[in-house]
Amino acid sequence: MKNYVVYLKCIDITNDGQGICKKDGLVIFVKEMLIDEEAEVKIIAEKKNLAYGIIDKLIVPSKYRQESLCPISYKCGGCDFLYVDYNYQLVLKKHILEQTFKNMDLNIKINDVIGADNPYEYRSKVQIPVNNHEFGFYRKYSNDIVEFDNCYIQSKLSNDIFKYLKEKLLNLRIDKYIRHILIKHCFGTNEVMLCLIVKDFNIPNIEELVNDIIIKFNDIKSFILNLNTRNDNVILGNEEKVLYGKNYVTDIFDGIKFNISLKSFYQVNYEQMRKLYYLAKDLADVNDQTKLLDLYCGIGTISLFMARFCKDVVGVEIVKEAIENAKLNAEINGIKNATFYLDDANNEMDKYLIDKDVVIVDPPRKGLNDKLINSLINSDIKKIVYISCNPATLARDLCKFEGYFSFDTVYPVDMFPNTKHVETVVLMSRVELVV
Ligand code: SAH
């Protein structure tokens with residue numbers, strides 16, 4: 001049965017931010033419903049013991065509910081919590097983390113989430129799909145494009161560039177060549193990389209577009225075409241062509257210069273990145289004798305940030321462009337005690353672990369594989385600082401370290417305000433066997 005309306009009270013929230021209600025043995029997940037809210041809910045899908053609903057009429061709103069700034073946030077897949085007061089978002093994220101770790105039987109304290117001073121206009125990278133003359137973000141769980149005029153979590157400059165570019169592409173009738181628009185905006189220097197991911201390098205009037213936009217926005221220091229003729233979900237293709245400027249942009253973070261190529265990862269929230277890195281440094285408790293290994297090092301941001309406080313640092317990363325950036329970044333900053341290797345962290349890591357005191361791991365959402373976990377357990381490493389963007393895989397991995405490393409606190413940092421995502425840091429210390 002579906003499409004009927006029931007009166008429900010929300011009692012909890014799921015990991016991905018949906019309200020949880022219960023009625024007559026049925027668990028009902030309701031989109032955008034906050035704890036303690038009461039509403040008439042329309043059931044849109046029902047299975048044996050569970051159902052999905054949407055609010056038909058909100059009867060008792062939460063005091064933490066606010067008007068979303070964004071007229072399309074209810075359908076765009078980007079933001080989950082724009083309708084929630086920011087401080088309460090932090091409370092919810094802490095609560096979600098508590099549930100995640102409790103479900104894994106991990107007895108660990110979750111600290112308060114370190115919030116952002118400005119939960120808007122923080123993102124430094126945006127990828128916008130283009131299809132059938134439409135420019136926007138994907139609707140949740142779909143490939144439909146939801147168009148937007150202004151994205152409230154993107155920087156103002158990238159919004160301005162996007163709006164201008166969209167008009168130009170439409171006027172020149174060349175939008176059909178474009179699959180994605182990618183903009184990287186460095187908050188420390190204001191440098192911008194603009195990349196069009198295209199189906200064909202030969203685009204009529206593209207020079208006209210480039211000449212126009214670099215005059216209009218002189219912060220654009222790199223204009224790249226990236227060719228992607230594949231038919232999958234991967235955004236970037238292999239070949240690229242620089243139409244203007246450099247094939248990278250340069251940011252300055254905490255006094256260090258970072259060159260960032262198209263394919264290299266860079267944290268999307270500049271302000272929170274500082275809080276994250278200083279937190280990691282404090283937990284790692286490094287000093288001028290510390291030998292540090294930074295796994296999943298990207299362009300060497302953490303490595304070079306830490307190198308100033310350590311004896312030496314080694315960074316390992318799988319993306320070639322990123323490790324090239326990292327090596328050059330050490331050089332342009334005159335940092336001599338950092339070395340970088342192109343390698344897959346799923347390969348044998350033992351050789352990098354020899355003689356190290358502290359390891360920082362900052363893996364992608366899927367977390368660490370068992371081989372690496374075993375190498376870390378069997379090494380002489382005393383301390384691991386685990387930075388994670390996915391609490392579920394962090395909790396899973398921590399269970400595997402239990403007995404070998406001890407940990408008592410999760411330190412969350414809100415790198416992604418207004419979305420359900422949260423970054424966390426955990427310090428793991430070697431359990432010393434008493435003989
Ligand atoms: N610590 C960096 C990057 C973190 S993002 C920073 O703070 O900027 C995770 C990084 O892991 C990305 O650069 C990604 O390219 C890299 N990566 C993904 N899988 C990997 C693997 N199997 N081995 C090594 N690096 C990997």
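Both backbone and side-chain heavy atoms feed into the values below; hydrogens, waters and symmetry mates do not. Start at 1 and go down the list; that is how both ligands and their atoms are numbered.
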Looking at ligand 1, does any of its N/O atoms fall within less than 3.5 Å of an N/O of [X]?
| X | value |
| --- | --- |
| Ala345 | yes |
| Glu317 | yes |
| Thr301 | yes |

Determine, using heavy atoms of Ile302 and all atoms of ligand 1, whether some pair is separated by less than 4.0 Å.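 Distance cut 4.0 Å: Ile302 passes for ligand 1.
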
Touching ligand 1 at all, Ala322? Heavy atoms, strictly under 4.0 Å? no

Taking 4.0 angstrom as the limit and counting only heavy atoms of [X], give me the atoms of ligand 1 inside it, by number and element.
| X | result |
| --- | --- |
| Cys297 | 2 (C) |
| Tyr277 | 6 (C), 7 (O), 8 (O) |
| Gln267 | 6 (C), 7 (O), 8 (O) |
| Asp344 | 21 (C), 22 (N), 23 (N) |
| Asp343 | 23 (N), 24 (C) |
| Pro364 | 18 (C), 19 (N) |
| Val319 | 15 (O) |

So with a 6.0 Å cut-off around [atom1] of [X], is the heavy-atom count from everything else above 12?
| X | atom1 | answer |
| --- | --- | --- |
| Glu167 | CD | yes |
| Tyr88 | OH | yes |
| Asp232 | CG | yes |

Does Tyr296 approach ligand 1 within less than 4.0 angstrom via side chain, backbone, both or neither, non-hydrogen atoms only?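 Under 4.0 Å from ligand 1, Tyr296 contributes backbone and side-chain atoms.
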
Please work out, at 4.0 Å between heavy atoms, whether the side chain, the backbone, both, or neither of Leu295 comes within that distance of ligand 1.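 Contact part for Leu295 vs ligand 1: neither.
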
Nearest candidate to atom 25 (N) of ligand 1, where distance is taken over non-hydrogen atoms, out of Leu276, Leu342, Ile318: Ile318

Can you check whether Val146's main-chain N or O pairs, donor with acceptor, with Glu134's side chain at less than 3.5 Å?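 No, because the side chain of Glu134 does not come within donor-acceptor range (under 3.5 Å) of the backbone of Val146.
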
[X]/[Y] ion pair, N-O < 4.0 Å:
| X | Y | answer |
| --- | --- | --- |
| Glu147 | Lys166 | yes |
| Asp212 | Lys216 | no |
| Asp355 | Lys291 | yes |
| Lys184 | Asp251 | no |

Is a side-chain donor-acceptor pair under 3.5 Å present for Ser73 with Ser68? yes

Phe401 vs Leu376 side-chain heavy atoms within contact, under 4.5 Å: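 Yes, close enough: below the 4.5 Å cut-off.
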
Distance to 0.1 Å, residue and atom name: give those for the protein heavy atom nearest to atom 4 (C) of ligand 1.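 Going atom by atom, the protein heavy atom closest to atom 4 (C) of ligand 1 ends up being Asp362 OD2, 3.2 Å.
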
